[in-house]
Amino acid sequence: MSNLICFSGNGMSRRVADELCRLGVPADADSLGIVFPVYGWRTPKILARFICTELAARLAGRRPTYIWTVMTCGDDVGFTDRVLDQQLRQAIGKGLDAAFSVLMPDTYIGLPGFVLDEDAEAAAKVRATLDLLPTIAAKIAARKRVCELKRGVFPRTKTYLLGTFFNRFLVRAGFFRVDAAKCTRCGVCAKNCPCGTIELGKTGVTWRRDGSCTGCLRCLHNCPVTAIEYGRFTRGKARLGGGGSGAVEFIG
């Protein structure tokens, strides 16, 4: 079994994970790596659920001696690493030894003022991250105990106040709407949903309101006819399209 876990809603974290694999990072069987995008300055709900309910069983009794994470973000991560560290300690009795953050293009467009990066800015973020990854990979390979993160200003407020509010009240399947005049019922959204939240029935596309949605907006970005909106603030905004692994998975 691989020792690199990745969740990537829209492909950014998967690109980082694939590059780390190319650089040979997952070769150490005694380590555990976690690559994921930061959502609301916290771990995505789907990853938190995986760590809480599945990680110990998937490790099959193996306890890694070195645990590291690379978090992707559009700007900063706050104290996301501390949230992840606590989740790991509760699940498997060991926390993080190393944490890194890298910039990748923004994908969240669900609030006022949140839009996709311009092409030039997005490309610059990707180039800078790809240039940085060999250095990160070398530190992981050497089992360095480091914390190299862009926390941003007021990180505690962002993670524990704004992040808690965001995950509790703004990550909700009930915000999704479908333009019936556009929707072709192709099923792409249901097929690609990493949480299995979307259902395609006789009455059209629906989202289960059971708290399973992780807020990745993968369905919205990948709808081939742009029929999906998230509340009223995504109207008229550009979509990303393509990418994403659509699940929490072991890779490498």
Side-chain angles (χ1 to χ4, degrees), residues 5-19 35-40 43-50 71-74 102-119 121-123 125-126 129 166-167 170-249 251:
I5 299 171
C6 177
F7 167 67
S8 183
N10 291 289
M12 305 304 167
S13 293
R14 183 56 193 256
R15 184 167 185 181
V16 169
D18 286 343
E19 181 64 12
V35 179
F36 67 96
V38 172
Y39 288 174
T43 54
K45 286 184 176 182
I46 187 174
L47 179 62
R49 286 194 296 264
F50 178 87
M71 298 172 282
T72 64
C73 63
V102 294
L103 294 182
M104 289 295 275
D106 276 311
T107 62
Y108 187 76
I109 60 173
L111 288 173
F114 286 73
V115 296
L116 298 183
D117 291 330
E118 296 292 334
D119 289 347
E121 182 179 3
K125 285 182 177 180
V126 172
T129 290
F166 177 84
N167 277 277
L170 298 180
V171 181
R172 289 190 174 183
F175 288 135
F176 285 106
R177 297 289 184 272
V178 176
D179 186 338
K182 288 184 177 180
C183 180
T184 63
R185 299 182 65 194
C186 65
V188 168
C189 55
K191 179 181 178 181
N192 286 343
C193 177
C195 302
T197 303
I198 304 173
E199 297 175 342
L200 183 63
K202 294 181 179 180
T203 59
V205 179
T206 58
W207 282 256
R208 297 200 323 272
R209 302 188 183 189
D210 58 359
S212 60
C213 177
T214 199
C216 64
L217 303 186
R218 179 175 167 83
C219 54
L220 180 150
H221 283 301
N222 288 276
C223 177
V225 293
T226 63
I228 300 173
E229 303 289 353
Y230 190 71
R232 59 191 177 91
F233 298 118
T234 59
R235 296 172 185 169
K237 293 182 179 179
R239 268 54 167 175
L240 186 67
S245 62
V248 178
E249 58 182 339
I251 66 173

Working to the nearest 0.5 Å, report the span between SG of C189 and CG of L220.
10.5 Å
Has the side chain of T129 got a donor or acceptor atom that lies under 3.5 Å from a matching backbone atom of L103?
yes
Any non-hydrogen side-chain atom of V35 less than 4.5 Å from a side-chain atom of F7?
no
Short side-chain to backbone donor-acceptor contact, K45 and N167, under 3.5 Å
yes
Which heavy atom of I46 sits nearest a heavy atom of P194, and at what distance?
CD1-O, 3.6 Å
Evaluate the side-chain proximity of P105 to L116: yes if any heavy-atom separation is below 4.5 Å, no if none is.
no
Side chains of I5 and E249, heavy atoms from C-beta outward: is any pair under 4.5 Å?
no
Quick one: do N10 and N222 satisfy side-chain contact (heavy atoms from CB on, under 4.5 Å)? Show the steps, please.
CA-CA 9 Å; N10 291 289; N222 288 276; 3.9 Å; yes
Nearest atoms (heavy-atom pairs only) where C219 meets I198:
CB-CD1, 3.5 Å
Run the side-chain contact (heavy atoms from CB on, under 4.5 Å) check on R49 and C195 step by step: do they pass?
CA-CA 11 Å; R49 286 194 296 264; C195 302; 3.6 Å; yes
Distance-only check: which donor-acceptor pairs under 3.5 Å involve side-chain atoms of residues 231-239, not counting sequence neighbours?
residue, atom, partner, partner atom, Å
T234, OG1, E229, OE1, 2.5
T234, OG1, Y230, N, 2.9
K237, NZ, I109, O, 3.1
K237, NZ, L111, O, 2.9
K237, NZ, F114, O, 2.8
K237, NZ, F233, O, 2.9
R239, NH1, T234, O, 3.0
R239, NH1, K237, O, 2.9
R239, NH2, I228, O, 2.6
R239, NH2, E229, OE1, 3.0
R239, NH2, E229, OE2, 3.4

Sequence neighbours left out, what pairs pass side-chain hydrogen bond (donor to acceptor under 3.5 Å, both in side chains) with at least one residue falling in residues 107-119?
D117-K125
Just so I know, are the side chains of P37 and C73 near enough to count as touching, which here means a heavy-atom distance under 4.5 Å?
no
Heavy atoms only: give me the nearest T197-S212 pair and the separation to one decimal.
OG1-OG, 2.7 Å
Under 3.5 Å donor-acceptor, R185 side chain and L200 backbone:
no
Stepwise, does the side-chain contact (heavy atoms from CB on, under 4.5 Å) test hold for D106 with M12?
CA-CA 9 Å; D106 276 311; M12 305 304 167; over 6 Å; no
Could you give me the CA-CA distance, side-chain angles and deciding distance for N192 and H221, then say whether side-chain contact (heavy atoms from CB on, under 4.5 Å) is met?
CA-CA 11 Å; N192 286 343; H221 283 301; over 6 Å; no
Shortest non-hydrogen contact between Y39 and P44, atoms and distance:
CD1-CB, 3.6 Å
Heavy-atom pair of closest approach, residues C183 and V178
CB-CG1, 3.6 Å
So ring-ring contact (aromatic ring centres under 6.0 Å, His included) across residues 191-217, not counting sequence neighbours, yields F176-W207
Provide the closest heavy-atom pair for V16 versus T72 in the form atom of the first, atom of the second, distance.
CG2-CG2, 3.8 Å
With a 4.5 Å cut-off on side-chain heavy atoms, are F36 and S8 touching?
no
Side-chain contact, heavy-atom cut-off 4.5 Å: R172 with R209?
no
R218 (side chain) donor-acceptor with G9 (main chain) under 3.5 angstrom:
yes
